[in-house]
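Start at 1 and go down the list; that is how both ligands and their atoms are numbered. Keep in mind that this is a model prediction, so the values were computed, not measured.
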Amino acid sequence: MRTKATIEGSSHDAFLWGAATSHHQVEDDEPSDWADWTRDPSHTIDGSRAGRACEWWSGRAEEDLTLAARLGHTAHRLGLSWARLEPEPGRFDEVAFDRYARLLDHAHGEGLTIMATLFHFTLPRWLAKEGACLSPRFPERFARFCDRVARRLGDRIDLVATINEPSVLAFMAYAGKRWPPGLGRIDAFFRALAAILRAHAAGYAALLDARPASKVGLVLNAPRFDPASGSRRDLLAARLQDRFFNAIVLDALTEKRGRVAELAGPLRVSALPKIPGLRGSFHWLGLNYYGRYRVRFDPRAAGTLFGAHVQEHNVRLEHVDWGEIHPDGLRDQLLRFAQASPGTPLYVTENGVMDPTDARRVRYLEQHVAAVEEAMAGGAPVRGYFHWSLLDNFEWAEGWRAPFGLVAVDRETGVRTPRPSAERYRALIEAKEGHT
Ligand code: IFM
């Protein structure tokens with residue numbers, strides 16, 4: 001891992017600058033529950049599937065990681081496919097492990113520090129059949145997978161993230177119907193969230209048992225929820241959404257209920273059981289931040305806790321609501337994480353904008369990096385920033401219609417073209433690191 005990097009105003013062992021990807025979104029033909037789910041064209045807004053994606057599995061990962069390094073990145077966050085690595089319960093695919101070993105060696109050869117996520121939304125088919133995250137054996141099975149990854153690839157992974165965005169997964173796939181298994185039940189949200197956190201705690205323990213030097217974290221997506229007006233009803237709806245999306249997980253990880261509950265006022269509700277081994281089960285925390293929602297009380301919106309999102313959608317794709325661009329929210333959420341878990345190193349593990357023309361991305365990048373600096377000046381120990389994403393890729397239920405890349409990818413030819421924002425990011429990194 002690199003030891004010398006700085007961001008204006010502070011110095012750290014290694015401030016990491018990079019971009020993030022996840023396996024299903026860039027690798028060709030991942031044999032997972034998502035590959036099965038997207039056989040039904042109604043499951044994506046454009047009827048598409050990941051398919052050959054950005055061809056990372058069959059060979060283009062190396063070329064793209066070299067490009068990232070040329071664009072000034074010092075780190076990369078990627079996902080490892082559980083579905084590939086454990087195609088049958090307890091049977092691990094050594095050829096697939098070798099493929100990742102080569103990819104990770106190449107990344108290190110390019111000077112990139114690696115953060116690897118072990119469960120980024122997709123599951124092996126056999127586990128999906130067994131009940132996905134609601135399988136009673138899910139936590140134990142995830143721990144076994146973590147153990148194997150630590151033993152087989154641990155020396156090639158600098159920072160390991162167990163799970164990506166527990167609240168998003170529980171919301172989209174268990175409360176909602178748009179992601180597999182698409183249960184559409186609010187009770188399933190709480191059961192899935194508890195199971196995901198149980199799996200994280202079990203995975204954390206397994207990673208450390210197998211490799212005590214592992215630096216293990218968990219990645220949370222934490223948008224801001226603000227009331228649409230000064231009315232008490234809007235305030236209550238915004239607090240409910242924040243409580244059940246953000247605070248519930250931070251509380252469970254830190255058990256600092258008093259302090260975190262203050263943000264939810266009188267709503268000291270916790271619908272999660274106590275999970276053994278969860279408290280403090282991280283060496284670092286990742287924050288994925290895209291924007292904020294303005295919440296208006298709506299008695300008809302029971303499924304979203306009586307809050308409708310009413311902001312001007314400056315990041316909107318058909319019916320998809322990505323919220324409002326609000327860089328101050330990144331600063332505030334970093335400070336909130338720092339307060340919830342004092343001294344824990346923080347990484348911005350995702351931050352980006354769906355923008356095919358790059359009209360917004362340059363300013364978005366500048367403003368959010370400035371927000372990171374403000375958070376650091378306010379005492380948040382931020383150690384890195386990963387932009388979402390390096391490349392245009394498969395955006396889940398939005399299919400191929402949501403380009404988030406610093407680098408555009410032509411779907412027909414596969415040709416990569418860095419957007420102006422990629423050059424701006426390079427200049428920004430160089431300026432921050434003092435070698436212009
Ligand atoms: O593409 C996703 C990613 O997989 C998880 N976080 C949000 C991104 C943009 O929606």
Side-chain angles (χ1 to χ4, degrees), residues 18-27 30 32-35 37-38 43-46 48-50 53-54 56 76-83 115-123 161-173 176 178-180 196 217-224 245-246 249 285-293 309 313-326 329-330 333 347-356 360-361 364-365 368 385-407 409 421:
T21 51
S22 92
H23 49 88
H24 188 78
Q25 296 177 272
V26 294
E27 287 178 5
E30 194 216 6
S32 66
D33 60 339
W34 262 90
W37 178 255
T38 50
H43 286 156
T44 46
I45 61 174
D46 56 357
S48 68
R49 316 178 64 205
C54 303
W56 270 35
H76 189 78
R77 173 176 174 233
L78 47 73
L80 304 184
S81 165
W82 185 0
M115 177 186 285
T117 308
L118 304 193
F119 174 26
H120 190 125
F121 299 156
T122 74
L123 288 174
T162 52
I163 299 178
N164 184 65
E165 300 180 351
S167 304
V168 173
L169 180 60
F171 183 73
M172 296 297 290
R178 298 187 62 219
W179 290 11
I196 293 165
L218 175 65
V219 171
L220 310 180
N221 182 318
R224 261 192 82 104
F245 202 84
N246 294 331
V249 178
L285 285 173
L287 168 63
N288 291 356
Y289 178 84
Y290 288 84
R292 79 157 156 187
Y293 298 104
H309 295 159
H313 293 277
N314 46 16
V315 188
R316 181 143 201 172
L317 178 72
E318 297 174 22
H319 60 290
V320 185
D321 166 14
W322 260 300
E324 177 183 70
I325 295 176
H326 185 63
L330 175 56
Q333 296 297 51
Y347 293 88
V348 177
T349 33
E350 289 179 28
N351 170 241
V353 61
M354 189 277 291
D355 181 9
R360 299 192 190 95
R361 194 174 283 104
Y364 184 99
L365 194 52
H368 285 83
Y385 173 88
F386 293 84
H387 193 78
W388 185 271
S389 181
L390 176 61
L391 307 160
D392 291 344
N393 59 48
F394 177 74
E395 179 54 36
W396 310 112
E398 284 68 53
W400 286 96
R401 296 266 279 279
F404 273 91
L406 293 165
V407 176
V409 178
S421 51

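Of the N or O atoms in Glu395, one or more lie within a sub-3.5 Å distance of an N or O in ligand 1. Polar contact with ligand 1: present for Glu350 (N/O pair, distance under 3.5 Å). Here's the thing with Glu165: one of its N/O atoms is less than 3.5 angstrom from an N/O atom of ligand 1. Residue contacts with ligand 1: Asn288 is placed with no nitrogen or oxygen under 3.5 Å of a nitrogen or oxygen of the ligand (distance criterion only).
Counting only heavy atoms of the protein, atom 8 (C) of ligand 1 lies nearest to Tyr290 OH, 3.3 Å.
In this model, no donor atom of one side chain and acceptor atom of the other lie less than 3.5 Å apart for Asn164 and Thr117. Checking Asn221 against Asn246 by side-chain atom types alone, no donor-acceptor pair falls below 3.5 Å.
Just one of Glu350, Met354, Glu398, His387 meets the side-chain contact (heavy atoms from CB on, under 4.5 Å) condition when paired with Phe404; it is Met354. For the side-chain contact (heavy atoms from CB on, under 4.5 Å) criterion with Glu165, the lone passing option out of Asn288, Val249, Leu220 is Asn288. Of the candidates Phe171, Phe394, Trp179, Trp82, Phe121 forms a ring-ring contact (aromatic ring centres under 6.0 Å, His included) with just one, namely Trp179.
The proximity of Gln25 to ligand 1, defined as any non-hydrogen pair under 4.0 Å, is limited to the side chain. For Asn221, no heavy-atom contact with ligand 1 is shorter than 4.0 Å.
Panel note: side chain Arg361, backbone Asp355; a donor-acceptor pair is recorded below 3.5 Å.
Close contacts between ligand 1 and Trp396 involve ligand atoms 1 (O), 2 (C), 3 (C), 4 (O) [criterion: under 4.0 Å to a heavy atom].
The residue from His24, His120, Glu398 that puts a heavy atom closest to atom 4 (O) of ligand 1 is His120.
In this structure, the side chains of Leu330 and Tyr290 stay at 4.5 Å or more apart for every pair of heavy atoms.
In this structure, Asn393 has no heavy atom closer than 4.0 Å to ligand 1.
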